[in-house]
Amino acid sequence: MTAGAGTLNPRLQEIAEEFGAVGGQQRLQLLLEFSDDLPPLPARYAEHRDLLEPVPECQSPLFLAVEVDAHDTVHLFFDAPREAPTTRGFAGILHAGLDGLGADEVLDTPGEFSSQLGLQDLVSPLRLRGMAAMLGRIKRQVRERRD
Amino acid sequence: MVLPYDSAPKFQDYARPEMLVTTGWLAEHLDDPGLVVAESDEDVLLYETGHIPGAVKLDWHTELNDPVTRDYVDGAGFARLMSEKGIARDTTLVLYGDRNNWWAAYALWVCTLFGHPDLRLLDGGRAKWIAEGRPLSTEVPQRPRTDYPVTERDDSEFRAFKEQVQAHLGQPLIDVRSPGEYTGELLHMPDYPQEGALRGGHIPGAKSVPWARAAAEDATFRSRKELEAIYQDEAGLRPDDDVVVYCRIGERSSHTWFVLHHLLGYPRVRNYDGSWTEWGNAVRVPIRRGDSP
């Protein structure tokens with residue numbers, strides 16, 4: 001599976017369209033909504049943060065965990081501080097777009113997905129790379145969980 | 001119309017006490033005509049989550065940089081930006097931000113290149129304002145547009161270019177990056193992604209003084225005495241030195257530029273904004289690796 005081989009699933013497609021439909025300042029507001037909507041960690045992770053994988057490519061602290069259940073459905077968990085809303089927003093987008101999907105659908109997500117949100121002019125390239133890194137780590141964990 | 005200066009005793013020890021205001025001063029003057037507060041953060045969404053009431057946002061990435069050439073906006077671009085933000089040439093502009101005012105100091109340095117007369121930094125920045133339980137607002141103010149005059153940027157006094165740094169070798173240089181970046185062990189900040197420098201190390205002769213050492217735990221600047229101990233006793237700078245500071249793209253070193261020039265009163269301090277992302281990629285410039293300058 002090579003990054004970028006697949007197409008956007010309908011949920012990510014919808015998110016990309018939402019971002020595409022609004023101008024610069026509203027895109028930031030939208031990103032903030034994703035940041036606010038990121039669900040808190042369930043207790044089994046909140047109390048065992050060592051089970052989370054750090055994503056050092058993000059400019060602010062970000063940790064994630066991936067589960068693949070018996071039905072091959074992917075569940076995503078993120079931990080990012082409220083003081084880092086941009087990174088939280090990226091995590092929120094990935095949660096909204098991938099949580100609850102089948103493992104194959106997650107693995108099919110193009111690696112350069114973040115560049116389709118029209119955020120390049122608003123957010124520094126470094127931060128966008130952080131989002132790509134989260135996706136890369138999610139996919140790796142999905143593959144590991146299935147093996 | 002110049003607002004009164006903050007007479008806080010701590011500031012009076014600094015070379016230019018008028019360059020700083022306390023959170024208390026700002027809270028008291030927030031509604032004064034002639035004052036504009038601007039927030040400049042590393043995290044571009046932080047302002048949207050809540051800012052000092054009435055503050056405008058100044059984005060280093062999208063607003064202060066030229067979108068094509070690696071340079072800052074020109075005189076016309078700066079005038080347009082200031083006019084849109086409702087900042088006049090005689091406005092007292094108070095800047096603040098996250099991470100010990102790292103990006104706020106950068107914005108202040110860029111505004112200095114355009115000679116904006118009254119620039120001040122909020123000592124302690126966003127963190128201190130919030131720690132003191134002061135109000136935040138998510139309302140984006142609509143300030144009346146001003147007619148900021150086109151003033152050409154003057155890069156001669158406070159900005160250094162690569163060729164000037166090459167000519168400066170042998171004179172005082174301060175590298176404000178993390179120790180690992182200085183020695184050449186890391187090509188980027190710890191925990192940050194690689195930004196494309198081909199070689200690691202530092203400019204020969206540069207002393208290592210990581211920028212955040214100038215900030216106390218509450219994000220305020222250290223006292224003059226503490227700063228002198230760091231930059232004079234440890235790094236060996238003398239008050240009449242001609243100093244060049246640098247980091248990765250010139251943002252962290254803006255903070256040190258502010259400390260050396262405005263707080264310690266060094267007359268000639270230039271920020272090399274090309275910094276390591278230029279030097280570490282340049283052909284045949286000298287580089288030193290390891291701990292020693």
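This structure is a prediction, so every number in the text was calculated from the model and none was measured. Scope of the values below: all heavy atoms of this structure, side chains included, with no hydrogens, waters or symmetry mates. First the proteins, then the strands, lettered A, B, ... as listed; each starts at 1.
Considering CD1 of A/Ile15 and CG of A/Leu98, their distance stands at 8.0 Å, rounded to 0.5 Å. Distance check: A/Asp108 CG to A/Leu101 CG gives 10.5 Å after rounding to the nearest 0.5 Å.
With hydrogens and angles left out, the side-chain atoms of A/Arg145 and A/Gln141 include a donor and acceptor closer than 3.5 Å.
Judged purely by atom type and a 3.5 angstrom limit, B/Asp43 uses its side chain to pair as donor or acceptor with the backbone of A/Thr86. Judged purely by atom type and a 3.5 angstrom limit, B/Tyr96 uses its side chain to pair as donor or acceptor with the backbone of B/Ile52. Not a single donor-acceptor pair under 3.5 Å links the side chain of B/Asn100 to the backbone N or O of B/Ala212.
In this structure, the ring of A/Phe90 has its center no less than 6.0 angstrom from the ring center of A/His95.
Relative to the ring axis of B/Trp276, B/Arg177 places its NZ or CZ within 45° and under 6.0 Å from the centre.
Between B/Glu181 and B/Arg248 there is no salt bridge, since none of the side-chain N atoms of the basic residue sits less than 4.0 Å from a carboxylate O of the acidic one. Looking at A/Lys139 and A/Glu144, no side-chain N of the basic residue comes within less than 4.0 Å of a carboxylate O on the acidic one, giving no salt bridge. Under a 4.0 Å N-O distance rule, the pair B/Lys128/B/Asp123 does not qualify as a salt bridge.
Contact annotation for residues 104-113 of chain B against chain A (heavy-atom separation below 4.5 Å): no residues qualify. For a heavy-atom cut-off of 4.5 Å, chain A lies close to B/Lys57, B/Asp59, B/Trp60, B/His61, B/Thr62 in residues 57-82 of chain B. Of residues 26-44 of chain A, those residues lying under 4.5 Å from chain B by any heavy-atom pair are A/Leu28, A/Gln29, A/Leu31, A/Leu32.
Contacts classified as side chain to side chain donor-acceptor pair (under 3.5 Å) and involving residues 74-83 of chain A (residues at least two apart or in different chains) are given here: A/Arg49-A/Asp79, A/Asp69-A/His75.
Heavy-atom neighbours of B/Asp291 CG from other residues, nucleotides or ligands within 6.0 Å: at or below the threshold of 12.
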